[in-house]
Chemist: 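Supplied in structure tokens, the structure appears directly below.
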Amino acid sequence: MTIPGFPDAAPMAGLAGGILIGIAAAVMLIGVGRIAGVSGIAARAFGLSESSLPRFSAWSFLIGLPLGAFIVSALSGDPAPDFASPIYLVLAGLIVGIGTKLGSGCTSGHGVCGMSRFSQRSIVATITFMITGFATVAIMNAIGLEVLP
Amino acid sequence: MIGRTLIPIVSGAVFGAGLTIGGMTDPARVRGFLDIFGDWDPTLAFVMGGAVITMVIAWQAQSRLAKPVFAENFALPDSSDLTPRLIGGAALFGIGWAIAGLCPGPGLAALAIEPMSAAIFVVSMLLGMAAVRAFERA
């Protein structure tokens, strides 16, 4: 299925992927009583936060992430997508790391788990990072900064 | 054992599968979504919508439970403060997300798709987190 006017959009794949992400977060919430916020779980695994999630559990979740991605990409047989060059990956990674630590979360923690709970903090955080994300791409396009091949 | 290991690894794997199916591990797809003034790709709105709607239901179930199925207690964020730190951090996160089209979940999941690029992003992200932590402890 496609959306008129947006030939590249994949709404059904997007919805299916989103529901799976929601189910995964629900399994963490109902199963072990914790938020599936990936930045927080990563920080916990590497000893960079003091959340009450057992460190072993944080590592289990982090090992699961690429495992699930591997299974899907192996089954689909799609070629790997293009990624930015190392200089941009380093810059982006540093800013994402600093931002998620200061802002106490990322797309999964605030966007998925927090907004669905109608958390005012998470709604404000999500609106904020969407706006700066839109602005960043717009500015990069305006000055002709190509990040992806 | 089930709660500490099996549930998190299954959740992580389903999460990683969802990210990949939804296109979040494709930086061009993410940047296409953030490109609202250009050639906009609405796919990520469907990812976010599907995930949030599913979790709205999960929170309803959670509110009826005394404790999680495989753990002793719920440990959930209870802060409601809107601080400059929260907003500044979220603002920075959005900038980083947009630069390379990657956020923490897809960055980690992509270790199985494009290991070298993903590893550069993930290590840099951890360094950024560590820098904030070191600064706070100084």
Side-chain angles (χ1 to χ4, degrees), chain A residues 8-11 14-15 17-22 24 26-28 31-33 38-39 43 48 52 57 60-61 64-70 72-73 80-81 83-84 86 88-90 92-99 101-103 106-108 112 116-117 125 128-129 132-134 136-138, chain B residues 3-5 7-9 11-18 20-22 26 34-37 41-43 46-47 50-52 54-56 58-59 68 70-71 74-75 89-100 103-105 108-109 111-114 117 120-121 124-125 128-129 132-133:
Chain A
D8 295 332
L15 197 61
I19 290 170
L20 281 179
I21 292 166
V27 165
M28 281 298 275
V32 296
V38 180
S39 60
L48 300 171
S52 66
S57 303
S60 300
F61 184 90
L65 273 173
L67 205 62
F70 175 80
V72 170
S73 56
F83 285 77
Y88 289 115
L89 291 170
V90 169
L94 286 172
I95 298 174
V96 164
I98 294 167
K101 193 81 177 130
L102 290 175
C106 56
T107 359
S108 51
V112 175
S116 60
R117 199 185 177 195
T128 304
F129 65 64
T132 56
F134 291 147
T136 302
V137 169
Chain B
R4 288 172 75 89
T5 310
I7 295 289
I9 204 168
S11 171
V14 173
F15 206 111
T20 310
I21 291 169
D26 179 353
L34 294 174
D35 191 11
I36 50 165
F37 302 111
D41 178 347
T43 304
F46 290 85
V47 179
V52 169
T54 306
M55 274 302 286
V56 167
W59 282 114
F70 297 105
F74 286 104
L92 274 178
F93 166 65
I95 294 169
W97 185 33
I99 289 174
C103 52
L108 286 154
L111 287 168
I113 296 171
E114 183 66 44
S117 298
I120 293 170
F121 175 81
S124 304
M125 176 181 87
M129 290 176 173
V132 173
R133 186 174 169 87

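Each chain gets a letter, A, B and so on, in the order the sequences are listed, and its residues count up from 1.
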Chemist: For a quick test of reading the model, state the closest non-hydrogen atom pair linking A/Val72 to B/Thr20 and the distance between them.
Modeler: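 The pair with the smallest heavy-atom distance is CG1-CG2, 3.7 Å.
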Chemist: Between chain B and each of A/Ala9, A/Ala84, A/Ser57, count heavy-atom pairs under 4.5 Å; write down the option with the most.
Modeler: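 So the answer, after comparing A/Ala9, A/Ala84, A/Ser57, is A/Ser57.
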Chemist: Quick one: do B/Phe93 and A/Thr107 satisfy side-chain contact (heavy atoms from CB on, under 4.5 Å)? Show the steps, please.
Modeler: CA-CA 9 Å; B/Phe93 166 65; A/Thr107 359; 3.6 Å; yes
Chemist: In terms of heavy-atom pairs under 4.5 Å, which option from B/Ala112, B/Ser117, B/Ser11, B/Ala91 contacts chain A the most?
Modeler: B/Ser11
Chemist: Under 4.5 Å from any heavy atom of chain B, what part of A/Ser39 do you find: side chain, backbone, both or neither?
Modeler: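 Both backbone and side chain.
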Chemist: Does a side-chain heavy-atom distance below 4.5 Å link B/Leu34 with A/Thr136?
Modeler: no
Chemist: Quick check on the interface: out of A/Leu48, A/Val90, A/Val112, A/Leu67, who has the most heavy-atom pairs with chain B under 4.5 Å?
Modeler: A/Leu48
Chemist: Would you mind telling me which of B/Trp97, B/Trp59, B/Phe70 has the largest number of heavy-atom pairs within less than 4.5 Å of chain A?
Modeler: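 Counting heavy-atom pairs under 4.5 Å, the top option is B/Trp59.
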Chemist: I need the residue from B/Asp41, B/Asp35, B/Ile99, B/Ile7 with the largest number of non-hydrogen atom pairs under 4.5 Å to chain A.
Modeler: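 Top option by heavy-atom pairs under 4.5 Å: B/Ile99.
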Chemist: Among the options A/Ala26, A/Ser108, A/Pro11, A/Ala43, pick out the one with the most heavy-atom pairs lying under 4.5 Å from chain B.
Modeler: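 Option with the top pair count is A/Pro11.
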Chemist: Step by step, work out the side-chain contact (heavy atoms from CB on, under 4.5 Å) result for A/Phe61 and A/Val38.
Modeler: CA-CA 9 Å; A/Phe61 184 90; A/Val38 180; 4.1 Å; yes
Chemist: Would you name the heavy atoms of A/Met28 and B/Pro8 that are closest together and state the gap between them?
Modeler: SD-CA, 3.9 Å
Chemist: What I'd like to find out is whether the side chain of A/Leu89 reaches to under 4.5 Å of the side chain of B/Ser124, using heavy atoms alone.
Modeler: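 SC-SC contact between A/Leu89 and B/Ser124 ruled out.
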Chemist: Test of understanding: with salt bridge (Lys or Arg N to Asp or Glu O under 4.0 Å), list the residues that count as partners of B/Asp26, not counting sequence neighbours.
Modeler: none
Chemist: Could you look at B/Phe15 and say if it's the side chain, the backbone, both or neither that has a heavy atom under 4.5 Å from chain A?
Modeler: both
Chemist: Return the option, out of A/Gly22, A/Gly93, A/Gly17, with the maximum number of heavy-atom pairs under 4.5 Å with chain B.
Modeler: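 If we count pairs closer than 4.5 Å to chain B, A/Gly93 comes out on top.
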Chemist: What closest approach, in Å, do B/Gly89 and A/Leu102 show between heavy atoms, and which atom pair accounts for it?
Modeler: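 Looks like CA-CB, 3.7 Å.
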Chemist: Would you mind telling me which of B/Pro42, B/Ala100, B/Ala90 has the largest number of heavy-atom pairs within less than 4.5 Å of chain A?
Modeler: B/Ala90
Chemist: Which one of A/Ser60, A/Gly103, A/Gly133, A/Pro81 has the most heavy-atom pairs closer than 4.5 Å to chain B?
Modeler: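 That would be A/Ser60.
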Chemist: With chain B, which of A/Pro66, A/Ala125, A/Ala138, A/Ser52 has the greatest number of heavy-atom pairs at distances under 4.5 Å?
Modeler: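 If we count pairs closer than 4.5 Å to chain B, A/Pro66 comes out on top.
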Chemist: If we define contacts as heavy-atom pairs under 4.5 Å, which of B/Gly3, B/Ala109, B/Gly105, B/Ala58 has the most with chain A?
Modeler: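 That would be B/Ala109.
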Chemist: Output the option from B/Cys103, B/Ala13, B/Ala71 having the highest count of non-hydrogen pairs under 4.5 Å with chain A.
Modeler: B/Ala13
Chemist: For B/Val14 and A/Val27, what are the C-alpha separation, side-chain angles and deciding distance, and is it a side-chain contact (heavy atoms from CB on, under 4.5 Å)?
Modeler: CA-CA 10 Å; B/Val14 173; A/Val27 165; over 6 Å; no
